[in-house]
There are 2 protein chains.
Amino acid sequence: MAEPAATTDVPAAGSKSQQAYDAVKQRIVDGAYPPGHRLVLAAIAQDLGVSVVPVREAIRRLEAEGLVTFQRNVGATVAGIDPTEYLYTMQTLSLVEGAATALSAPLISATDLERARAVNDAMRACLQDFDPVRFTRLNQDFHAILFEHCPNPHILDLVHRGWNRLASLRSSTFRFVPERARESVEEHAHLLALIAGGADADAVERAARRHRSATLDAYLTHFSTTEAISDASPDHG
Amino acid sequence: MAEPAATTDVPAAGSKSQQAYDAVKQRIVDGAYPPGHRLVLAAIAQDLGVSVVPVREAIRRLEAEGLVTFQRNVGATVAGIDPTEYLYTMQTLSLVEGAATALSAPLISATDLERARAVNDAMRACLQDFDPVRFTRLNQDFHAILFEHCPNPHILDLVHRGWNRLASLRSSTFRFVPERARESVEEHAHLLALIAGGADADAVERAARRHRSATLDAYLTHFSTTEAISDASPDHG
DNA sequence: GAGTACAAAATCGTATACGAAGAGTAGGCA
DNA sequence: TGCCTACTCTTCGTATACGATTTTGTACTC
């Protein structure tokens with residue numbers, strides 16, 4: 001329901017609604033439509049060669065996912081993430097991702113673990129000559145391996161939505177708090193050891209959750225925004 | 001985004017889309033549209049005195065919330081909850097409700113606690129001459145008091161969505177496993193004691209989560225569906 | 001008698017058109 | 001010169017209309 005194109009069975013191009021949804025979503029996560037960008041129905045419709053009706057539906061779907069904000073009789077804009085939203089999103093993500101990882105853990109194969117290790121090694125290598133965007137991408141790859149086997153599709157969907165929200169800021173906390181990157185790699189190793197060792201679900205969940213919470217904390221203390229959150233903005237503040 | 005009419009600031013009647021959304025959602029949770037009921041756009045539109053376009057939008061929103069299922073070129077039906085869905089929903093709800101309750105705990109006032117106690121007393125009284133529907137309603141009231149102060153609106157929204165999903169089966173697990181009702185009341189008392197005593201967030205979260213998980217477990221063992229889940233259906237199996 | 005092919009009805013998907021609400025701008029008045 | 005007001009322009013909201021697709025009923029054949 002949230003994945004744009006899995007293999008071939010998705011009638012993505014079948015419905016113009018879906019087409020519009022995919023296209024707009026793509027442009028948002030790609031950064032072609034930056035946060036705050038106004039989404040004018042007629043313009044998008046013409047651009048995609050369809051009528052406004054499917055576009056309108058697409059926008060409403062994106063609104064439900066939190067990727068755009070909507071105001072009646074005014075229009076939609078790409079939902080930039082202000083610091084408060086970032087806090088809420090990261091908090092929610094720590095919750096659902098922790099659970100998804102724990103539920104996935106028993107289903108993760110040896111080859112998956114190997115892949116995850118490889119990705120983490122790449123992240124470690126990425127530490128010198130640090131590139132936040134690349135690091136963030138690898139970070140997502142790493143975690144995706146760990147939670148994608150989650151048997152509960154609802155929880156998995158929530159994880160995807162959280163990641164999508166964060167995708168609008170192209171580089172994550174690591175851009176502002178590069179020190180956090182090194183810790184992150186170590187925590188990944190620890191998490192892998194837990195899973196490989198067959199640790200119980202609770203331990204995995206706690207580790208995964210704390211891992212993300214720690215990133216959030218690093219962000220918060222960096223901007224010393226424990227009280228005046230609305231001052232610091234990751235991208236445009 | 002999920003609450004139909006808070007006080008006065010919601011332009012519920014302002015937009016026909018919103019009007020349709022509220023109306024259809026109401027009928028679904030009320031049971032006027034039972035699970036499996038076909039939602040025909042033209043019929044609903046005529047019934048509400050609007051065109052099909054706003055109705056269509058409303059349906060799509062309800063789809064995003066999981067209250068209706070949609071099939072291209074076929075139509076929408078009220079999303080009955082099959083046992084697998086029930087499992088997923090309860091599991092997700094235990095996760096997000098546990099977190100919401102924990103985050104709310106420090107913000108719960110003495111009067112709130114008193115209200116919650118009163119509701120739980122009513123549930124206890126309801127145990128003799130057991131009425132599952134009434135008990136379920138009180139149960140929701142009880143938990144709503146505990147999680148409504150959750151400062152993270154995303155998590156709070158997820159809790160609401162979970163409850164809405166479950167609302168389509170008018171009476172919950174308690175209908176099939178009345179023994180669980182008594183335990184539930186006791187666990188409520190325990191949870192209140194934890195919150196009143198200022199227990200740390202982790203303890204509250206665990207208690208709240210286990211409380212719901214226990215209800216799910218009661219359901220699962222009752223139908224002895226630990227493996228063959230798809231056999232037992234709560235309402236229409 | 002059962003299965004298949006065709007046709008008709010029902011329903012959805014999208015386009016176009018028009019009315020309504022908000023935002024920006026220019027002009028007038030204090 | 002500054003502020004208020006009226007007007008226009010953009011953009012959204014909804015209705016109506018038509019084409020596309022699926023389902024279902026029926027007749028025909030094996």
Side-chain angles (χ1 to χ4, degrees), chain A residues 1 4-5 8-25 27-28 33-80, chain B residues 1 4-5 8-25 27-28 33-65 67-79:
Chain A
M1 194 193 289
T8 68
D9 59 331
V10 177
S15 142
K16 307 214 175 170
S17 259
Q18 184 72 22
Q19 223 170 306
Y21 171 81
D22 290 339
V24 175
K25 184 172 178 178
R27 296 182 191 186
I28 290 177
Y33 292 158
H37 183 259
R38 271 197 78 181
L39 298 170
V40 180
L41 295 181
I44 298 174
Q46 185 173 4
D47 194 34
L48 296 176
V50 301
S51 164
V52 295
V53 181
V55 178
R56 187 184 166 78
E57 230 182 78
I59 300 281
R60 292 308 271 261
R61 276 219 272 163
L62 292 167
E63 182 199 8
E65 287 182 41
L67 282 170
V68 310
T69 59
F70 200 85
Q71 217 179 342
R72 175 172 160 75
N73 280 320
V74 173
T77 59
V78 177
Chain B
M1 194 194 287
T8 68
D9 58 331
V10 177
S15 141
K16 308 217 175 168
S17 260
Q18 183 72 21
Q19 224 171 305
Y21 172 80
D22 290 339
V24 175
K25 184 173 178 179
R27 295 182 193 185
I28 291 176
Y33 291 158
H37 182 258
R38 271 197 78 181
L39 297 170
V40 179
L41 295 181
I44 297 173
Q46 185 173 5
D47 194 33
L48 296 176
V50 300
S51 166
V52 295
V53 181
V55 176
R56 188 183 165 79
E57 229 182 78
I59 300 281
R60 291 309 269 263
R61 277 219 272 163
L62 292 167
E63 182 199 7
E65 288 182 40
L67 281 170
V68 311
T69 60
F70 200 84
Q71 217 180 341
R72 176 172 158 76
N73 279 320
V74 174
T77 59
V78 177

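Note on naming: letters A, B, ... go to the chains in the order of the sequence lines (proteins, then strands), and numbering restarts at 1 for each one.
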Open item on the list: Assess the residue pair V78(A) and L67(A) against the criterion (side-chain contact (heavy atoms from CB on, under 4.5 Å)); give the C-alpha distance rounded to whole Å, side-chain angles, the decisive distance to 0.1 Å, and a yes or no.
Closed with: CA-CA 6 Å; V78(A) 177; L67(A) 282 170; over 6 Å; no
Task: Side-chain touch T77(A)/V68(A), heavy atoms, less than 4.5 angstrom - done: no
- [ ] Would you mind reading off the distance between F70(B) atom CZ and dT11(C) atom C1', rounded to a whole angstrom?
- [x] 10 Å
- [ ] Starting from C1' on dT14(C), measure out to CZ on R72(B) and report it in whole angstrom.
- [x] 10 Å
Open item on the list: Rounding to an integer number of Å, can you tell me how far N73(A) CG sits from dC12(D) P?
Closed with: 10 Å
- [ ] Please tell me if the side chains of V55(B) and V50(B) come closer than 4.5 Å, counting only heavy atoms from C-beta onward.
- [x] yes
Task: Side-chain heavy atoms of R72(B) within contact of S15(A), under 4.5 Å - done: yes
Open item on the list: Rounding to an integer number of Å, can you tell me how far Y21(B) OH sits from dT14(D) P?
Closed with: 16 Å
- [ ] Give a yes/no on whether any side-chain N or O of S51(A) is located under 4.0 angstrom from OP1 or OP2 of dT14(C).
- [x] no
- [ ] For Q71(A) and for E57(A), locate the closest nucleotide of DNA chain C by heavy-atom distance; then report the residue assigned to the nucleotide nearer the 5' terminus.
- [x] E57(A)
Open item on the list: Tell me which residues in residues 36-49 of chain B lie within less than 4.0 Å of DNA chain C, going by non-hydrogen atoms.
Closed with: R38(B), L39(B), V40(B), L41(B)
Task: Pairwise side-chain contact, Y21(A) with E65(A), heavy-atom cut-off 4.5 Å (strictly under) - done: yes
Open item on the list: Both G75(A) and V53(A) contact DNA chain D. Taking the nearest nucleotide for each, which residue is further toward the 5' end?
Closed with: G75(A)
Task: Whole angstrom value for the distance that separates C1' of dG13(D) from CD of Q18(B) - done: 14 Å
Open item on the list: Looking only at side-chain N and O atoms, does Y33(A) offer a donor or acceptor that is under 3.5 Å from a partner on R27(A)?
Closed with: yes
Task: Residue-phosphate contact under 4.0 Å: S17(A) side-chain N/O, dT14(C) OP1/OP2 - done: yes
